K.L.:
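Have a look at this one.
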There are 2 protein chains.
Amino acid sequence: MSDFELEQFLPYLLNQAAEASSLEFQQVYKDRYGMLRNEWRVLFHLGMYGQLTASEISFRAGLHKTKISRAVSKLEARRFLSRDRDVEDRRVEHLKLTANGRSAYIDLCAVAQRYDAALLEGFSTEDALTLKALLRTLAQRRR
Amino acid sequence: MSDFELEQFLPYLLNQAAEASSLEFQQVYKDRYGMLRNEWRVLFHLGMYGQLTASEISFRAGLHKTKISRAVSKLEARRFLSRDRDVEDRRVEHLKLTANGRSAYIDLCAVAQRYDAALLEGFSTEDALTLKALLRTLAQRRR
DNA sequence: GCTTGTTAGTTACAAAATCAACTATTACAC
DNA sequence: GTGTAATAGTTGATTTTGTAACTAACAAGC
């Protein structure tokens, strides 16, 4: 194919952009709290929505249950969250952040907000909104 | 932080969108040619630019040299590319696609073009252009 | 009650990514 | 030339992920 442009191919572009714009933030949660990507995501979901079960996080974040399971173990080991078995259904665990976890969440939220603003610097407000709306649409078609 | 929205956080959004929109295409190059993401990328760079060295691919694609090295080995083992040692500088290898590799490239290009169009279906031409331009800007801030 | 099916979450093993150390070759200083 | 540094690319050890099989608990039919 003569007229194909890799740099115009959406999945490629998205990957490049995602990787580039995750790098610095990743550095922060890794260096500051020893977290991995999935751990950060679980922490944020609990921080935003309060108490959740692993399945609920899995559904909301679009993460496979094994990823959740491992992320939860790590976060628990580092005292960022606590588990509570459901009394009605003893298969279910309710997860919530410890004080420690909450303070990490609050700290990282602030970092994230500043970081987000920095990434969008140079874009017009309208472009920024369009970008995020389109990305949300693309992300929705899932699994 | 009360007003933080994970779904508005650019790195998160980009990752979700990237993952969602890579899935189906990944399935194609995996099922049809047994390729991994890095192998597909190397194949496309060689398909688009002709003969390149590993370092050149590394620079253009923003991939670490170990990823290139392993992708090249796999592609060579499956007869998708051939290596040629440089006569002037015997550290350097010139890589290029075999007929086999080229035909895989041409096939995947066509798939990619159709897939790209399908992803953008429902977006206005203007939105599509804006999206790609912004993504390119974000991707540029790199490494 | 007992069997069958389903759901929540974990674990085991293989595949893949990472990071650092390595070899081979060239370049440059003296 | 000889020693030192730089570059191209590979390999190995460790971590992380992915897939599938697993355990434990519940639910529904009979």
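Quick note on labels: first sequence line is chain A, next is B, and so on, each numbered from 1. None of the values given here were measured: they were computed from a predicted structure.
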K.L.:
Report the residues that fulfil ring-ring contact (aromatic ring centres under 6.0 Å, His included) with A/F44, sequence neighbours left out, ordered by chain and then residue number.
P.N.:
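Listed in chain order: A/W40, A/Y105, B/F4.
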K.L.:
Under 4.0 Å: is that the gap between some side-chain N or O of A/S55 and OP1 or OP2 of C/dG9?
P.N.:
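Answer yes for this pair, as a side-chain N or O of A/S55 is under 4.0 Å from OP1 or OP2.
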K.L.:
For a quick check, with a 4.0 angstrom heavy-atom cut-off, what is the B/S/- contact string for nucleotides 13-23 of chain C, read 5' to 3'?
P.N.:
---S-BBB---
K.L.:
Pull out every protein N or O sitting under 3.5 Å from an N or O of nucleotides 24-26 of chain C, one pair per line with the distance.
P.N.:
unit_1 : atom_1 : unit_2 : atom_2 : d
C/dT25 : OP1    : B/R90  : NH2    : 3.0
C/dT25 : O2     : B/R91  : NH1    : 3.1
C/dT26 : OP1    : B/R90  : N      : 3.0

K.L.:
Just wondering, more than 12 heavy atoms not from A/Q27 lying within 6.0 Å of its CD?
P.N.:
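Yes, enclosed.
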K.L.:
Once side-chain contact (heavy atoms from CB on, under 4.5 Å) is applied, do any residues pair with B/S58, and if so which ones, sequence neighbours excluded?
P.N.:
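side-chain contact (heavy atoms from CB on, under 4.5 Å) list for B/S58, sorted by chain: B/I68.
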K.L.:
Which residues satisfy the salt bridge (charged side-chain N to carboxylate O under 4.0 Å, His left out) test with A/K96, sequence neighbours excluded?
P.N.:
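In terms of salt bridge (charged side-chain N to carboxylate O under 4.0 Å, His left out), with neighbours along the sequence ignored, A/K96 is linked to A/D84.
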K.L.:
Taking B/R32 first and then B/D107, would you say they form a salt bridge - that is, a charged N and a carboxylate O separated by under 4.0 Å?
P.N.:
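B/D107 and B/R32: salt-bridged.
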K.L.:
Atom CG of B/D86 to atom P of D/dT7: distance rounded to whole Å?
P.N.:
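Atom-to-atom, B/D86 to D/dT7, this comes out as 17 Å.
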K.L.:
Does the side chain of B/N15 come within less than 4.5 Å of A/S22's, by heavy atoms?
P.N.:
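Side chain of A/S22 against side chain of B/N15, heavy atoms only: contact under 4.5 Å found.
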K.L.:
A/D84 has an atom CG; how far is it from atom C1' of C/dG9, in whole Å?
P.N.:
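Atom-to-atom, A/D84 to C/dG9, this comes out as 16 Å.
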K.L.:
What's the CD1-P distance between A/I57 and C/dA8, to the nearest Å?
P.N.:
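Value for this atom pair: 13 Å.
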K.L.:
Taking 4.0 angstrom as the limit, do A/R83 and A/E76 come out as a salt bridge?
P.N.:
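Judged by the 4.0 Å cut-off on N to carboxylate O distance, A/R83 and A/E76 do form a salt bridge.
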K.L.:
Figure out the CD1/C1' separation between A/I68 and C/dG9, and round it to whole Å.
P.N.:
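For the pair A/I68 CD1 and C/dG9 C1', the rounded distance is 11 Å.
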K.L.:
Rounded to the nearest angstrom, tell me the gap between atom CZ in A/F59 and atom C1' in C/dT7.
P.N.:
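Between C1' of C/dT7 and CZ of A/F59: 16 Å.
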K.L.:
Can you tell me if A/E7 has over 12 outside heavy atoms packed within less than 6.0 Å of its CD?
P.N.:
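Counting neighbours around CD of A/E7, more than 12 heavy atoms of other residues, nucleotides or ligands fall under 6.0 Å, so yes.
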K.L.:
Does the structure place the NZ or CZ of B/R60 under 6.0 Å from the centre of the six-membered ring of B/Y49, at an angle of no more than 45° from the ring's axis?
P.N.:
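So B/R60 does make the cation-pi contact.
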K.L.:
Taking CG from A/L63 and P from C/dG9, how many angstroms apart are they, rounded to a whole number?
P.N.:
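Checked: the CG to P distance equals 14 Å.
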K.L.:
Check B/D127 with B/K132, please: is the shortest side-chain N to carboxylate O separation under 4.0 Å?
P.N.:
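Judged by the 4.0 Å cut-off on N to carboxylate O distance, B/K132 and B/D127 do not form a salt bridge.
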K.L.:
Evaluate the criterion salt bridge (charged side-chain N to carboxylate O under 4.0 Å, His left out) for residue pair B/E39 and B/R70; output intermediate values, then yes/no.
P.N.:
CA-CA 8 Å; B/E39 294 161 35; B/R70 286 178 163 126; over 6 Å; no
K.L.:
Starting at CD of A/E39 and ending at P of D/dT15, how long is that distance when rounded to a whole Å?
P.N.:
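Going from CD in A/E39 over to P in D/dT15 covers 14 Å.
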K.L.:
Scan B/R85 against the nucleic acid and name what it touches under 4.0 Å (heavy atoms): base, sugar-phosphate only, or nothing.
P.N.:
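Result for B/R85 = nothing.
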K.L.:
To the nearest Å, how far apart are A/R83 CZ and D/dA24 C1'?
P.N.:
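Rounding to the nearest Å, CZ of A/R83 and C1' of D/dA24 are 15 Å apart.
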K.L.:
Using a 3.5 Å limit on both distances, find every run of at least three consecutive Watson-Crick or G-U pairs that involves DNA chain D.
P.N.:
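Output for stems: C:1-30 with D:1-30.
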